[in-house]
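Chain letters run A, B, ... following the sequence lines, proteins first and then strands; every chain starts at 1. Fair warning: this is a prediction, and the values are worked out from it, not measured in the lab.
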Amino acid sequence: MELSKNFNPATAEVHWTQHWRAKRYFNSKPDHRQPFTVVIPPPNVTGVLHMGHTLNETVQDILVRKARMSGFNACWVPGSDHASIATEAKVVQMLEKEKGIHKADLSREEFLKYAFEWKDKYGGIIYNQIERLGCSVDWDRVTFTMDDHYYKAVIKVFIDLYEKGLIYRGARMINWDPSAKTALSDEEVEYKEVQGKLYHIRYPLENGGELVIATQRPETIMGDTAICVNPEDPRYANLQGAYALVPLINRRIPVIFDTYVDPAFGTGALKVTPAHDINDYNLGLKHNLEVVDTLNDDGTLSEAAQIYIGTDRFKARKLIVAELEEKGFLIKAEDYHTRVGYSQRTGVVVEPKISTQWFLKMREMAEPALNAVLSGDIRIHPGDKFLATYRYWLENVKDWCISRQLWWGQQIPAWYNSDGVCVVAADRAGAVKAFAEKGISVEESAVTQDADVLDTWFSSWLWPMEVFNGITEPDNEEFKYYYPTSVLVTGQDIIFFWVARMVMAGMEYQQERPFRDVYFTGMVRDKQGRKMSKSLGNSPDLLELIDKYGADAVRFGIMISSPAGNDLLFDESALEQGRNFNNKMWNAAKLIQLWKEKATDVAAPSGDAWAHRWFETRLMEVRVEVEQLLAQFRLSEALKTIYSLIWDDFCSWYLEWIKPGFGEPMSNSSLQQCIRFFESLVQLLHPYMPFITEEIYHALSERKDGDDLCMLQFPSVEVQVAALENNAARAVLAEGQLLKNIISGLRDARNKAQLKPKETVSLFIDSPDRDQYTAIRVILSRQVNAASVEFTGEAIAQSITAVIGKERFYLQTEQPLETGNQKEDLLKELEYLKGFLASVEKKLGNERFVSNAKPEIVEMERRKQQDAEGKIKVIEESLATM
RNA sequence: GGGAGCAUAGCUCAGCUGGUUCAGAGCAGCUGCCUUACAAGCAGCGGGUCCGCGGUUCGAAUCCGUGUGCUCCCA
């Protein structure tokens, strides 16, 4: 097979994607094997994959491919999420822009038709990206959170929880998004630090005098229903039973007393606006205050405000401040730092608002979810970094507002008769029955369904179950086989939204955790450390990156710069490193291809057998290491280890060691051994870089149908651990290290003596152990470009001297040389060793060290001492001859 | 205001249970090479008070306290 000059990622990606798909390698069916199940965190159907997704999907694919190659029946379920607010907003926008249609003019059914069309169009974009990245998902199992069975599951769960008394309807202070005109959960509000103003406003008292309050929101004064002061505050002790008048509208409101008010803050007098502030709301409940809601759903002032009706809240603030000032009510406005809540979905300032919504009681569900993690039943990675966050949230959880004033989503299965009596049932007929049970007789046509839909997270919390129909058909075989899933990979930012709630749902419906391990990845940031976001426009386009560098390089780049759980600064130079790595492996494959052409049955050179043994041992060593790293989810470290094994040990050392000399043939047996090693290497790397490894695997040998790398099973690790546990293995690794040190040292010596690479030398070795050179002598001579290698017992005059460990080397050249540099180097080394020896001797001279430290540590120090003494002796002798 | 985390080479970070694989990697830098797999490369080199201070210990980048500076989460 002829190999092209460079690896061509695009061709390989298309070819192997099709091949794997045609072979149905990634389609899973329950069988006798142990399952390894992963459900993808469903991306929003509106979006495109950003770098955060790329990191997530790559991590999942690595785990899934590794499991598939390790005897597991791997099943990775892809899908997407209907993202109710975000999608509805986009569809509304599209309809207005492209078709001039307003949502208000459409029926619910008509709107949903457009929404589904949108979903079909944009859902495909995400799936295409997942495929281009090389993700080994089971495409037969694609699930969407609005699929029919999924919809039914959500409704079923709602009804069930309602019947258990965990879901209730009530008027509460909620977060209102005036742009999307819907309620939000607490988790959907993002707080930002802003520079605001604190306005000091004068309220006249009914019986003369005045009271000054401080507020950040003067546009809400028309909703005031009391002024509150601290009962301990001497300034206001005389105000018992007093009434004040709200400026501009002259509403009469009582002065109330509560220790809630901090006398030191502002003026010590608080205006109470129960409809527009959560604390005021609670105060209002306590003191039985009237609630005056002065805002409309869209954020403009309502009739109840009496003035500026229909004006936007922020514009109204300016106008009211101006009027207050003009009429002498405004005393001053001072700068003030505060935090303001913004809607995560639409970005507008969230308005606290009293509203009748559906809630899910969380306390009962939180406990089993917390225990599942605290008991170790679910393991959170990395380490316990996020355990504290998880715990804190669950211990302080508040009821979950699950209704949204939208159309795109599962419509709440609650029904009302003309009197506003409410029942919960799956359908209209069921509702009539439910009314009948309450003793209310009503016609089907007279029943109206609740107009609202459920929060998207109220559907995605069922994800690990319902992708296998685990809610709709809890007894089905697939669900029993695949659930609980093995590992969930997601971002730390949705620990509450999603992870904790999935655990709740799993514990509630299966009395079992939804996943064994949770792996939290960090945030992807740009080079300047900013979070990647659409608004900043600093997130690169995934498909463009794949086109430019290849999917393998993208995967490599994002993994190599991704320490477990920490944020990573995304930099294209990491992708370049990945592309270069591709190139390196490709060239190694080309070299082997060349060897194949000139391979004969000649006996292998004497160094080859040793080189094979050495590399085989290194390979086993790395296999064991990688296995341990992966078990700890240290994927980045594992990749670095494999990278260095391939680039340094295999390409830079091993291939050079077995490379035939000038015009010499390649021995067939050596070549076959080398090919086997390369196969093992691409196998090890395959989970990280699937395309190039599969390509090289097939380039190395003709493969039978069905012999593909993605299904090649890893050898048992136990066997390798055992193989490493013997002296021969340890010895060959030590020899390899020695050889590398000597080669580097001699090359350095050559460089410092300014010898040209092509210039040959005669090498003389003065060693206490000449036997250790038997196997590596040939390799050594080639690697340092020595025409001859001989042993000597004494110094060679007029040569370059190098001392490496206890070994002394002399490089003899044609021309006489300058030895000043070497002497300096040796003196420097001598000085270091003497200092080192002194520190070791000091330690050993310390009575307490010898008696307290572990025996093996003391023993090691003794060896260090001897070692250093030996080296010093060798250097001193060398210096004496110079 | 409450909680969590981070600070190591010019940059981005490893460094698990204190002790020669303790001061590491990758980029960047410098020197020399277009050596018949690879210049997207090869060979070699330099570079750090492990944030400051105190403590525990025979021994601290590592454990504890504290100060400073950043980051995130929550109210």
Side-chain angles (χ1 to χ4, degrees), chain A residues 3 5-7 186-187 189-191 278-279 339 341 382-393 396 398 492-493 495-496 522-523 525 527 529 531 549 553 557 560-571 573-574 576-595 628-629 632 634 636-637 639-641 643-644 647-648 651-652 655-656 659-660 662-663 733 737 743-752 754-758 783-785 836 839-840 842-854 856-858 860-861 863-864 867-868:
Chain A
L3 292 188
K5 183 171 188 302
N6 291 313
F7 172 61
D186 293 342
E187 288 72 30
V189 180
E190 277 174 0
Y191 290 88
I278 179 69
N279 297 309
R339 285 170 64 89
D384 294 334
K385 200 170 169 183
F386 300 106
L387 184 65
T389 320
Y390 182 87
R391 180 182 188 147
Y392 181 85
W393 189 74
N396 296 279
K398 299 196 186 72
Q492 64 212 29
D493 49 336
I495 211 166
F496 315 129
M523 293 286 180
R525 300 172 178 280
K527 237 175 156 175
K531 202 164 154 175
Y549 297 97
I560 203 80
S561 47
S562 155
N566 287 346
D567 287 0
L568 69 97
L569 300 193
F570 181 78
D571 185 347
S573 74
E576 238 169 85
Q577 201 190 336
R579 187 194 54 190
N580 296 352
F581 187 32
N582 273 345
N583 191 235
K584 186 70 187 177
M585 288 187 287
W586 192 249
N587 278 298
K590 268 162 62 184
L591 175 64
I592 289 172
Q593 220 57 34
L594 283 179
W595 286 350
Q628 287 165 348
L629 288 169
Q632 298 167 58
R634 297 166 62 151
S636 188
E637 285 86 342
L639 175 58
K640 277 177 192 158
T641 306
Y643 174 78
S644 157
W647 197 305
D648 302 332
C651 293
S652 297
L655 287 182
E656 295 299 333
K659 188 184 262 181
F662 233 53
L733 287 174
Q737 199 48 56
I743 292 169
S744 295
L746 293 181
R747 281 171 174 170
D748 186 27
R750 288 183 56 120
N751 256 352
K752 286 197 172 122
Q754 297 187 324
L755 283 187
K756 293 280 168 210
K758 280 181 178 161
Q783 291 267 279
V784 300
N785 200 14
F836 178 71
S839 81
V840 173
K842 190 177 158 207
K843 224 186 256 188
L844 286 167
N846 184 337
E847 187 55 38
R848 291 200 287 179
F849 169 72
V850 180
S851 52
N852 285 336
K854 281 181 272 177
E856 57 266 34
I857 298 292
V858 178
M860 195 189 288
E861 291 298 318
R863 254 186 289 135
K864 283 199 265 181
D867 203 44

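A/Gln492 has its CD atom 10 Å from the C1' atom of B/C73, to the nearest Å. Computed from coordinates, the A/Tyr392 OH to B/G2 C1' distance equals 7 Å when rounded to whole Å. Atom CD1 in A/Ile495 sits roughly 11 Å away from atom P in B/C74 (whole-Å rounding). Protein atom CD of A/Gln628 is 14 Å distant from nucleotide atom C1' of B/U17, rounded to whole Å. If you measure from atom CG of A/Leu755 to atom P of B/G44, you get 15 Å, rounded to the nearest angstrom. Between A/Gln783 atom CD and B/C42 atom C1' there is a gap of 11 Å when expressed in whole angstrom units. Rounded to whole Å, the distance from CD1 on A/Ile743 to P on B/C42 is 16 Å.
Under the Watson-Crick or G-U wobble criterion, with both distances below 3.5 Å, B/C27 is paired with B/G10. With both pairing distances under 3.5 Å, B/U71 is matched to B/A4 as a Watson-Crick or G-U wobble pair.
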Each nucleotide of nucleotides 35-41 of chain B classed B (base within 4.0 Å of a protein heavy atom), S (only sugar-phosphate) or -, in 5' to 3' order, makes -BBB-BS
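Summary of the strand contacts: A/Asp648 and A/Val189 both lie near RNA chain B, and taking for each the nucleotide with the nearest heavy atom, the more 5' one is attributed to A/Asp648. Between A/Gln577 and A/Lys756, the residue anchored nearer the 5' end of RNA chain B, judged by the nucleotide with its closest heavy atom, is A/Gln577.
B/C51 and B/G69 have their C1' atoms separated by 8 Å, with the value rounded to a whole Å. Rounded to the nearest Å, the gap between the C1' atom of B/G19 and that of B/G3 is 35 Å. Separating the P atom of B/G65 from that of B/U56 is a span of 15 Å, rounded to the nearest Å. The separation of B/C13 from B/G52, taken at their C1' atoms, amounts to 23 Å, rounded to a whole angstrom.
Set against B/C27, B/A14, B/A43, the side chain of A/Ser573 has B/C27 as its closest nucleotide.
Residue A/Arg391 qualifies as open at atom CZ: its count of foreign heavy atoms under 6.0 Å is 12 or below.
Regarding the sugar-base torsion, B/U20 falls in the syn class, its angle being within 90° of 0.
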